[in-house]
Peer 1: 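Just passing along the structure, written as structure tokens.
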Amino acid sequence: MEQRILQIALDTPLHTVFDYCWRPQEEGEEIPAIGHLVVVPFGRREAVGVVVGHVQASELGADKIKNVIAVRRQMAPLSAHWLALCGFAADYYQRPLGEVMLPGLPKNLRALTTVALDKALKALDKTPAPKKRKAKARAAGAEPVDPAELPAAEQPQALPDPMQFGPAPSLNAAQQEAVDAIAGADAFAPLLLYGVTGSGKTEVYLQAAAAILQRAADAAQADGRPPQDGPPAQILVLVPEINLTPQLEGNIRARFPHLNVVALHSGLAEGERARNWLAAHLGQAHIVLGTRLAILSSLPHLKLIVIDEEHDPSYKQQEGLRYSARDLAVWRAHQLGIPVVLGSATPSLETWQHAQAGRYRRLELRQRAAQQAVLPKVKVIDMERDKPVDGLTSTLIAAVRKRLEHGEQSLLFLNRRGYAPVLACDACGWISNCMRCDAFMVVHRPERRLRCHHCSLELHIPKSCPTCGNVDLQPLGRGTQRVEEGLHAIFPEARVLRIDADSTRLKGSAQSAFDSVHRGEVDILIGTQMVAKGHDFKKLTLVGVMNPDTALFSHDYRASERLFAQLMQVAGRAGRAGLSADGSSGEVLIQTRYPHHPLYQAVTRHDYDGFAGELLDERRQAYFPPFMYQALLRAEARELEQAMAFLKEAANILDAPAITINEPIPMTMMRVANTERAQLLVECASRPALQAFLKEWLALLRQLRTRARWSLEVDPVDI
DNA sequence: AGCACGCCGACT
DNA sequence: GTCGGCGTGCTC
């Protein structure tokens, strides 16, 4: 009897694959292919895994090897490219293969029952698009049908040509050049699309996508395949946040009305997520629009990847497998020999350095695309000279008033949610420290609660000081809720809307908030970085930045890069549609105590090039990324000593010539939710040397018996 | 990670 | 007399 051993990747922290025995259930049944999903017994339970190899014999005793329970044959096996992608990510980020593969699949597909999978497949199958009917008939082994015998509605010439695109605006010369460079690439091509907000990057993505889809359709036709038959090409577009998908999805659907466009992000219901993922996996979806998790989706005909706002920190996953979707996108494009477009007005220094060194081609859009739209005027307000009341300087108040009089919208940007960052007692000096973390508990006035933003602890706002009984407790500082309150007092007639993580907690509420801004039902918008990204508010002509200074003196060397990007991005919300009613362009006012700081000066000049150049010089001299590669070993335990002891041992367990192992240090936010944390930074000028070291190092660390919990992050962003 | 087994304190 | 604490050990 035929008997084969399958190597199967399972979602477990163990750094190995598992051998299982496969026996045909019925005569002639073929062995599951590499890439098939299977169900296997694992310990006391059952688990879904991915077949990653076939071997003749196992090193394990025959008595230990269990049998495969079921094979998900209704789902096509995952491709060799997808397996290679997961293999690369597992190696690079030093995680087990199964921990990369399985969490990347929708829950419904890795469930122990097939109900949801079959339902999703059925839903996809009966979508009555002509191309699918034909493909289905072919798969079922049907005889080719003579077109003349088909009813008129099914005559091929009567079918809509999927490559008919909606009307496209004409491009300026720089945009056209970019489209040609992207669509003309016939091999791996990393392209930095560098253009200010409003310069028409989206239009470049759409027209490049159209050109690539069209060319693939033409090639298919030349091969004798009708345009409706099968998917000629797939395009993956990533955006940083779920909030940005509806607007872009609308644009894409309007432009490509006959194409299958699907979204992939964590906001989808499980059923829809499974359907969309399968549509991508089966090659039915032409365009996949998603957040970072979509980079791990299966796309058999992938021909172009677009990473919009490539500098955005959200592309880095911050828990579990800590991958960079941008870096994996570049790897995927390289592997497939296709173009990858990294779009940004303020590229990450990593990407900028690649472009400077000529490894990435730079495509530049210098002008705003909309007629009359020019870059907003950015001014700095010196808070030492114009003292703020309720956080607002008289200059900013006057500017908002002017917009109100003209019926235009203002946006106030404050990257601090809640009412006040801390509650304090004047009498005894008590402050609202979190009892579980080294952090302040933030005053949330509407909910009448103190909330710790680091752990989930929530308390009622005390009526009196817990230490001395004083009833006059003072909120110190200002968050978005308090500014909202102040705005109501200053502009009682204005319609004020606050948008932050708290006001948009309910599903769909963020979208309806943005919609009401678009409909002009809001005069003054106050929000955190949620409002800084992507949204194109036609009537918005003023942006006020309330208190960005804290980031200037952060110990995180990336803070100024991030602040600059954030300010440029929020500034880009102003005046996108054109001139203000009084003929002026959009206006940006930044309140600061350091009006002469080079960062603000660079923002007022819209001078990314210059500022990036200075930052890169600093990084080069300080041996920071992108001139150095890093990995961070984190440890946590009930007692700091346990975490430190583990890190000290780790620091001495393996020597390597090119590797710098720094001193273990307790973390700034030492105590979070009753655990103490410390970390150890490892650096190396060579990425391969660092990779080789990490592999060997972690094998040793796993053998260590320690009471500390630990994890490694490759290419950490928050140190 | 789950999920067992394995020995010592406060409850029906 | 049991329920349950989390220590440590295993998963093909």
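Each chain gets a letter, A, B and so on, in the order its sequence line appears, and its residues count up from 1.
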Peer 1: Determine the interplanar angle of the A/F42 and A/F18 rings, folded into 0 to 90°, and report it as parallel if under 30°, tilted if 30 to 60°, perpendicular if over 60°.
Peer 2: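 The rings of A/F42 and A/F18 stand perpendicular, inter-plane angle above 60°.
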Peer 1: Is the closest basic N to carboxylate O distance between A/K119 and A/E270 below 4.0 Å?
Peer 2: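 Result for this pair is no, no salt bridge flagged.
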Peer 1: Return each pair, listed once, that meets side-chain hydrogen bond (donor to acceptor under 3.5 Å, both in side chains) where at least one residue sits in residues 679-704 of chain A; pairs must be two or more places apart or across chains.
Peer 2: A/H15-A/R702, A/Y92-A/R687, A/Q630-A/E683, A/N662-A/E683
Peer 1: Please determine if A/R562 and A/D718 form a salt bridge, counting it only when a charged side-chain N lies under 4.0 Å from a carboxylate O.
Peer 2: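 The answer is yes: the pair qualifies as a salt bridge.
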Peer 1: Evaluate the criterion side chain to side chain contact (heavy atoms under 4.5 Å, CB included) for residue pair A/L690 and A/V714; output intermediate values, then yes/no.
Peer 2: CA-CA 10 Å; A/L690 180 60; A/V714 180; 5.5 Å; no
Peer 1: Could you list where the contact with chain A starts and ends along DNA chain B, reading 5' to 3', using a 4.0 Å heavy-atom cut-off?
Peer 2: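 Footprint of chain A along DNA chain B, 5' to 3': B/dA1 to B/dC3.
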Peer 1: Base, sugar-phosphate alone, or nothing: which one does A/I65 contact when heavy atoms must sit under 4.0 Å apart?
Peer 2: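 Sugar-phosphate, no base atom in range.
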Peer 1: Quiz question: by atom type and distance under 3.5 Å, do the side chains of A/D556 and A/S554 form a donor-acceptor pair?
Peer 2: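 Note: A/D556 and A/S554 side chains miss the donor-acceptor criterion.
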Peer 1: Going 5' to 3' along DNA chain C, between which two nucleotides do contacts with chain A fall, using a heavy-atom cut-off of 4.0 Å?
Peer 2: C/dT8 to C/dC12
Peer 1: Does A/R417 reach the main-chain N or O of A/D502 with its side chain, forming a donor-acceptor pair under 3.5 Å?
Peer 2: no
Peer 1: Please step through side chain to side chain contact (heavy atoms under 4.5 Å, CB included) for the pair A/T351 and A/H311, ending with a clear verdict.
Peer 2: CA-CA 8 Å; A/T351 297; A/H311 64 278; over 6 Å; no
Peer 1: Across the strands shown, which category fits A/L10 at heavy-atom distances under 4.0 angstrom: base, sugar-phosphate, nothing?
Peer 2: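 No contact.
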Peer 1: Could you tell me whether A/F42 contacts a base, only the sugar-phosphate backbone, or nothing, with contacts defined as non-hydrogen atoms closer than 4.0 Å?
Peer 2: base
